[in-house]
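Okay, so here's the structure we're looking at.
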Amino acid sequence: MSKPIIKSWWKHGVMYQIYPRSFKDSNNDGIGDLEGIIQSLDYLQDVGVDGIWLSPIYRSPMYDFGYDVSDYCSIDPIFGTIANFKKLLKEAEKRNIAIIMDMVLNHTSHLHPWFVESRSSVDNPKRDWYIWHPGKNGKVPNNWMAAFGGRAWTWDELTRHYYLHLFTEQQPDLNWHNPEVKKAMVDVLRYWLDMGVKGFRFDVINYIVKDINVRSNPYRLRLTYPRRHDLQVHIYDRNQPEIHDILKELRQLLDSYGDTMSVGETYPNEGEKEPAMAASYQGNNDELHLSFDFSTIYARFNAREFECILKNWYHAIGDSGWPCHVLSNHDQSRAITRLANNDVRKAKLLAVMLLTQKGTPFIYYGEEIGMVDGKIKRSQIQDPLGKKYWPFHKGRDKARTPMQWDVTPNAGFSNGKPWLPVNSDYVTTNVLQQQRNKQSILHLYKDCIAIRRLHPALYAGDIEFVSAPDDVLLYKRVFKNEHLMIALNFSKAKKDVTIGVKGEVLLSSCGNSSMHSSHSSIHGGTLTLDAYEAVIIKVQ
Ligand code: GLC
């Protein structure tokens, strides 16, 4: 295959997020593991994946399923060993797949030795590695709330101080005002980079520094988000200016390792579309390589709404940064359920949209086979967020159910009892069955990724939105002489779209041939799109 026009693999490549507990269990303890991922690499290569982002696999007491790390330089025995991880790196490299680690810089586990030391006495050398406060007038220091319920401050009887935790009380926040913390974390990053990982997804990176004077956030009224945490504007507990300088240093570190990358979870105020905030963390191409804009996660299935969100995102990123796109992750309802009422036709349209935007697409495991949100009973809830807020927020387990590989018991995920129930639709929605069906959503993903790889206009070109009837999103991707046009019909009715060009249909989401092509060519004038049809046209 010829070399892509742009150098950086993470710019032209396709990323795939694995939630390791739920991907493939090789030792039948009901929890996915590294060996299971190794066994699945041929599949991922066949899909066309260039990079894998692994949700945390470090040693952890698992109060937040790995996002509470107790040793950053080890692998939790549930997932395997360092030897398994090195094997994964090697096997992935053979298939030209890069491995990206999830790095939690904001907080550690309360069982991390740093915190154990820090809480042991007020004059412990690690005391200032975390955020301690004596309280104000016998009460908590300020009004900050934890995202997972209750106050963000927990009283520690031993030293009679509060410590800060923006998530669960088992996740104390590190004090990034202390340079020793940064130094320790840089050592951790080096440890994994030296081993061969090609970058990091930085967890809640816009939270890492807090107002040094711990001022209270202003309150505001919101009817749609009744959680107390969401009834304030988070101006003092996130997005502090010091974060930019830290990211500049981390960028220099990553760049010193060659073609590595970082992508930041830049979490907005819940439910809000804030592309400028996410974009700001790319700096002047000297901070994060990529940052997630959550606007698409909060969107509705509507052509004009997506057009507006995408335009805002490109505008916010400008010319110096690089966009990336995501529809689902381990914290949100899956896009096919949230946006598409579990309708595969709509999910195929979303896939074409995701894979034909300018920038790096991120696929969430199972998305490529149309896995829907699981139905989790109260007694089955594992997620601390669900335990705390049920029934108002039933937690994130629904998006973390086991990968559906085939029709054998437990969908081929495990021969043990899976840690979360397998979705009942696995008999019809699974990898094996879809590999055999050329019209499946899996083939659509594969075809679309293959087309993307062949056409610089898709992975390197500019994007231009074109006016179109209501319910239709129309845009051009252009690189030198290559022009592609993408038309997406968000409506359940057929739609005529005047495109005014001659072209060849490279892909249609409603097609029935192996390349999903239903119209072979268009001779200018009008293109008729079926309900929820998405097409990619090569303009002649
Ligand atoms: C991020 C992770 C989420 C985790 C939280 C606390 O938002 O994506 O899963 O619970 O950070 O670490």
Side-chain angles (χ1 to χ4, degrees), residues 15 17-22 53-70 72 76 100-112 115 130-131 144-150 152 164-174 176 185 188 200-210 227 229-230 234 237-239 243 262-272 274 277-278 281 288 290-294 297-298 324 326-334 362 364-365 381-389 393-401 419-420:
M15 303 292 296
Q17 182 192 355
I18 290 182
Y19 194 71
R21 290 182 81 83
S22 304
W53 147 26
L54 292 176
S55 279
I57 50 174
Y58 319 101
R59 191 177 280 274
S60 161
M62 303 287 169
Y63 284 89
D64 191 19
F65 298 106
Y67 286 94
D68 49 325
V69 180
S70 56
Y72 287 88
D76 195 279
I100 303 302
M101 300 288 268
D102 207 321
M103 188 50 70
V104 189
L105 301 180
N106 181 64
H107 49 266
T108 67
S109 159
H110 67 309
L111 300 182
H112 194 294
F115 188 68
Y130 292 83
I131 302 169
W144 296 354
M145 303 299 297
F148 293 169
L164 180 74
H165 52 88
L166 294 184
F167 295 91
T168 68
E169 63 180 84
Q170 293 85 10
Q171 293 166 295
D173 281 42
L174 285 158
W176 278 80
M185 283 303 191
V188 168
F200 301 97
R201 176 259 188 190
F202 289 130
D203 190 60
V204 286
I205 193 67
N206 61 323
Y207 287 33
I208 61 172
V209 182
K210 285 88 187 167
R227 206 168 42 151
H229 171 266
D230 301 319
H234 294 274
D237 54 351
R238 21 178 127 149
N239 295 320
I243 299 175
S262 55
V263 55
E265 184 196 22
T266 41
Y267 208 80
N269 284 306
E270 194 69 32
E272 286 186 11
E274 298 177 11
M277 184 276 288
Y281 288 105
L288 294 171
L290 300 172
S291 47
F292 285 125
D293 172 33
F294 280 76
I297 299 246
Y298 300 133
C324 67
V326 64
L327 293 172
S328 295
N329 67 31
H330 64 291
D331 292 329
Q332 312 288 338
S333 161
R334 286 179 177 273
F362 281 73
Y364 181 52
Y365 85 93
I381 293 178
Q382 304 283 336
D383 179 23
L385 192 54
K387 286 185 179 164
K388 177 86 188 172
Y389 284 109
H393 188 315
K394 292 182 179 156
R396 299 166 293 178
D397 299 316
K398 61 187 177 190
R400 300 175 178 178
T401 59
W419 76 288
L420 279 174

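In what follows, every heavy atom counts, from backbone to side chain, and hydrogens, waters and symmetry copies are set aside. First listed ligand is number 1; within each ligand, the first listed atom is number 1. These figures come from a predicted structure and were not determined experimentally.
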### Query
With sequence neighbours excluded, what pairs up with D102 under the salt bridge (charged side-chain N to carboxylate O under 4.0 Å, His left out) test?
R201
### Task
Establish, from distance only, whether the side-chain atoms of T266 and N206 form a donor-acceptor pair under 3.5 Å.
no
### Query
Between atom OH of Y67 and atom CZ of F148, what is the distance when rounded to the nearest 0.5 Å?
10.0 Å
#### Entry: For E270, all residues meeting side chain to side chain donor-acceptor pair (under 3.5 Å), sequence neighbours excluded
R227, Y267
#### Entry: Set of residues that line ligand 1, where lining means a heavy atom lies under 4.0 Å from it
D64, Y67, H107, F148, F167, Q171, R201, D203, V204, E265, H330, D331, R396, R400
### Task
Show your working on side chain to side chain donor-acceptor pair (under 3.5 Å) between Q17 and N329 and close with a plain yes or no.
CA-CA 8 Å; Q17 182 192 355; N329 67 31; 5.5 Å; no
### Task
Please list, chain by chain and in numerical order, all residues satisfying side-chain contact (heavy atoms from CB on, under 4.5 Å) with V69, sequence neighbours excluded.
Y58, Y72, V104
